[in-house]
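So the structure is just underneath, and the comments pick up after that.
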Amino acid sequence: MPVQTTARLTDSELHERLERTWGHPKGVWGWFSNVHHTAIGIRFMVTAFIFFLLGGILAAVMRTQLAFPENNVLGPDRYNQFFSVHGSTMIFLFAVPMMFQGFGVYLVPLMCGARNIAFPRLNAFSYYIYVGGGLLLWIGLLLNVGVDTGWFSYVPLSGPQFTPGKRADFWAQMITFTEVSALGVAVCIATTILRYRAPGMTLNRMPILLWEKLVVSIAVIFAMPAVMVASSLLLLDRLVGTQFFNPAEGGDVLLYQHLFWFFAHPDVYIIFLPGTSIVSTLVAVYTRRHIFGYTPIVISMIATAFLGFSVWVHHMFATGLPPLGENFFTTATLMIVIPTAAQFFCWLATMWNGKLQFKLPMLWLFGFLFVFLIGGLSGVMLASVPVDLQVHDTYFLIAHLHYVLIGGAVFPMFAGIYHWFPKITGKFLNEALGKIQFWLFFVGFNVTFFTMHFLGLRGMPRRIYTYAPELHWSGLNLLASSGAVFMAVGTLVFLWNVGSSLYGGAIADINPWAAGSLEWGVPSPPPSYNFLYIPTVNGREALWSAVANQPVVTGLRTDIQEMLVTHSLDSEPQYREETAGASIWPFLTAVAVSAAFVGSIFTAWAVPIGAVPVTIALIAWLWPRGSSSTSKRATALEPLAYER
């Protein structure tokens with residue numbers, strides 16, 4: 001078959017050819033075989049937001065239970081399941097899948113100037129395996145076998161002696177599902193950033209969001225295996241009688257905490273850094289100037305991710321560690337504040353000398369700055385061992401956790417949704433409804449969680465389902481629960497805003513915010529092939545620095561899904577590559593893997609037996625079909641050209 005190039009084609013002819021080649025498959029079968037990053041990214045975001053709503057419902061019921069002393073909305077067993085599934089949902093099924101996987105999968109190829117993500121089938125598989133983990137956790141709750149040992153499932157409480165049955169096993173395998181998903185997406189995103197950037201987008205010209213996604217992908221690759229090991233060893237202790245965490249047989253319960261928190265504290269920054277990159281991106285757009293301190297912000301993100309692996313033991317100050325170890329991790333915890341503070345100063349400097357556009361996303365950014373600052377200050381307090389010992393496992397810690405995670409994830413998430421919703425859907429969200437939602441959510445959040453600082457200082461412990469009236473916690477608990485009502489109403493307003501805007505919202509043009517990154521150079525929503533011509537880049541804000549008759553890349557084939565591979569450092573074109581197209585096998589592989597994982601909860605034989613269908617599905621997935629006559633790694637770039 002002769003090589004078809006884009007030469008001598010009009011834009012309409014090129015569009016028709018690319019639509020035939022890159023068009024999304026139709027129907028139910030097509031839905032499961034679609035592997036394009038825009039479709040999978042939207043699925044990640046929508047699914048993660050559904051889990052956010054489900055976790056919020058559990059939180060609302062718990063706040064109803066705690067609003068009054070000796071309440072009987074929930075019994076102790078059901079309350080244990082609710083707070084455990086709530087925490088697990090928000091951390092493993094919402095925060096990371098939304099902030100890293102959802103935004104990353106959708107935006108990274110568009111910001112890179114690529115037509116798809118690297119390893120698109122692995123990316124689709126990662127979504128389906130993530131859904132499998134979420135269903136496992138929530139089906140367990142609905143069947144009254146939900147995890148009841150907290151979102152961290154410490155041993156020996158989660159061990160076979162104290163938690164018989166399958167509750168902790170459901171949690172342990174849910175961890176494996178979600179972390180396999182995160183690892184798969186991390187590989188896809190890192191490869192896309194390093195190898196599929198548009199010509200001219202050198203490392204020094206990469207948008208900050210791309211830097212963050214690259215840094216977080218590396219952090220995921222190093223952090224996630226630790227919690228997978230911890231949960232797998234726990235499952236082995238429970239299922240086949242190993243004794244990894246049984247001190248009577250030479251095991252160690254603190255080994256579990258070290259493995260878990262070696263993952264979980266970097267995970268805080270895996271959640272937080274995507275929020276900071278959204279802030280950096282949006283501050284530049286809504287101040288109409290380049291971000292102040294581009295290099296310090298990038299270095300700060302790298303430093304935060306690196307230092308995040310050196311602070312996990314501050315979660316274990318109450319376990320009786322040697323004083324020297326406590327001193328080291330106190331110092332490391334205080335040090336990690338420095339790069340975050342550097343980013344704060346860069347954002348403020350950008351706004352100080354910019355022309356502020358008071359659009360709705362900026363309102364959420366101001367809320368983020370206020371909320372996360374309070375969470376950071378309470379974090380500095382908890383870095384002190386004497387303070388930590390006093391407030392450990394009290395509601396003070398609950399308040400700090402939510403100020404950091406909701407401040408660092410939910411507020412930037414809403415800012416990002418209001419900013420990129422026109423690009424994703426082609427419609428604007430309603431500005432008036434958005435402001436109502438913000439103030440309801442902002443006021444409700446602070447009423448709920450700032451109050452918890454005082455509950456913790458008054459000695460209210462975590463994980464209790466009721467309390468006696470004479471403890472004098474009822475007034476503060478009622479105030480905290482009333483704030484949760486405001487948050488719930490604000491979320492309902494947002495859902496109404498989304499639904500009404502999808503069907504009757506104002507139409508958005510290509511670049512309604514006059515932003516500078518490449519995703520705003522394609523129609524809203526993007527076509528199936530993303531870019532009619534692969535763009536070239538002159539500066540950090542590609543659209544702002546573009547010149548008249550900016551060159552574009554031509555010469556890529558239109559009869560196959562061909563992508564341009566560039567050098568990791570200077571993004572010089574190296575070769576063309578045919579990427580994997582639509583396939584049902586990532587979905588079927590995820591089903592086979594899910595069956596093996598779920599079966600291993602009940603019998604160890606599920607692993608070798610389940611390996612058979614998994615192997616068959618993988619062979620079918622990777623089996624070459626319809627390969628083009630040219631090499632997928634052809635170095636010859638003669639048909640490739642730059643045209644104005």
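A quick note: this is a predicted structure, and the numbers were derived from the prediction, not measured.
Using modelled atom types, no side-chain atom of Arg121 and backbone atom of Val35 make a donor-acceptor pair closer than 3.5 Å. The main-chain N or O of Gly200 is found under 3.5 Å from a side-chain atom of Ser571 such that the two form a donor-acceptor pair. Within the 3.5 Å criterion, the main-chain N or O of Ala582 finds no donor-acceptor partner in the side chain of Ser33. Checking side-chain atoms of Glu212 against main-chain N and O of Ser277 turns up no donor-acceptor pair under 3.5 Å. Listed for the His37 side chain is no donor-acceptor partner under 3.5 Å among the backbone atoms of Asn116.
A side-chain donor from one of Gln101 and Ser181 sits under 3.5 Å from a side-chain acceptor of the other. Thr176 and Gln173 share a side-chain donor-acceptor pair at under 3.5 Å. A donor-acceptor pair shorter than 3.5 Å can be found between the side chains of Tyr533 and Asp11. Side chain to side chain, Tyr128 and Arg43 meet the donor-acceptor criterion of an N or O pair below 3.5 Å. Remark: the Ser84 side chain and the Trp171 side chain contain no N/O donor-acceptor pair separated by less than 3.5 Å.
Taking all atoms of both residues into account, the shortest heavy-atom contact from Ile175 to Ser231 is CG2-OG, 3.6 Å. Contact detail for Leu210 and Met111: the closest heavy-atom pair is CD2-CB, 3.9 Å. Pro274 and Lys213 get closest at one heavy-atom pair: CB-NZ, 3.9 Å.
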What do the steps show when you test Phe51 against Phe94 for ring pair (Phe, Tyr, Trp, His ring centres under 6.0 Å), and what is the final call?
-> CA-CA 6 Å; Phe51 282 122; Phe94 161 66; 9.6 Å; no
Any chance you could lay out the ring pair (Phe, Tyr, Trp, His ring centres under 6.0 Å) test for Tyr106 and Trp420, step after step, and finish with the verdict?
-> CA-CA 10 Å; Tyr106 189 90; Trp420 280 295; 9.0 Å; no
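Counting heavy atoms from C-beta on, the side chains of Asn123 and Val185 come closer than 4.5 Å. Proximity of Leu209 to Phe103: side-chain heavy atoms (C-beta onward) are nowhere separated by under 4.5 Å. A heavy-atom distance below 4.5 Å is found between the side chains of Phe411 and Ile406.
Using cut-offs of 30° and 60° on the angle between ring planes, the pair Phe272 and Phe372 is parallel. Aromatic ring pairs are classed by plane angle as parallel below 30°, tilted from 30° to 60° and perpendicular above 60°; the pair Trp151 and Phe92 is tilted. The aromatic rings of Phe152 and Trp261 are tilted relative to each other, their planes meeting at an angle between 30° and 60°. Between His15 and Tyr529, the ring planes are perpendicular. Angles over 60° get that label, and only those under 30° would be called parallel. Classification of the Tyr418-Trp364 ring pair by plane angle, with boundaries at 30° and 60°, yields parallel.
Within a 6.0 Å radius of CH2 in Trp29, other residues, nucleotides and ligands contribute 12 heavy atoms or fewer. The environment of Phe309 atom CZ is dense: over 12 non-hydrogen atoms of other residues, nucleotides or ligands sit within 6.0 angstrom. Atom CZ of Phe222 is surrounded by 12 or fewer heavy atoms from other residues, nucleotides or ligands within 6.0 Å. Residue Phe119 places its CZ atom among 12 or fewer non-hydrogen atoms of other residues, nucleotides or ligands, all under 6.0 Å distant.
Distance check, rounded to the nearest 0.5 Å: CG of Leu14 to CG of Leu9 gives 6.0 Å. Expressed to the nearest 0.5 Å, how far CZ of Phe260 lies from NE2 of His265 amounts to 12.5 Å.
Partners of Asp267 under the salt bridge (Lys or Arg N to Asp or Glu O under 4.0 Å) rule, at least two apart in sequence or in another chain, do not exist in this structure.
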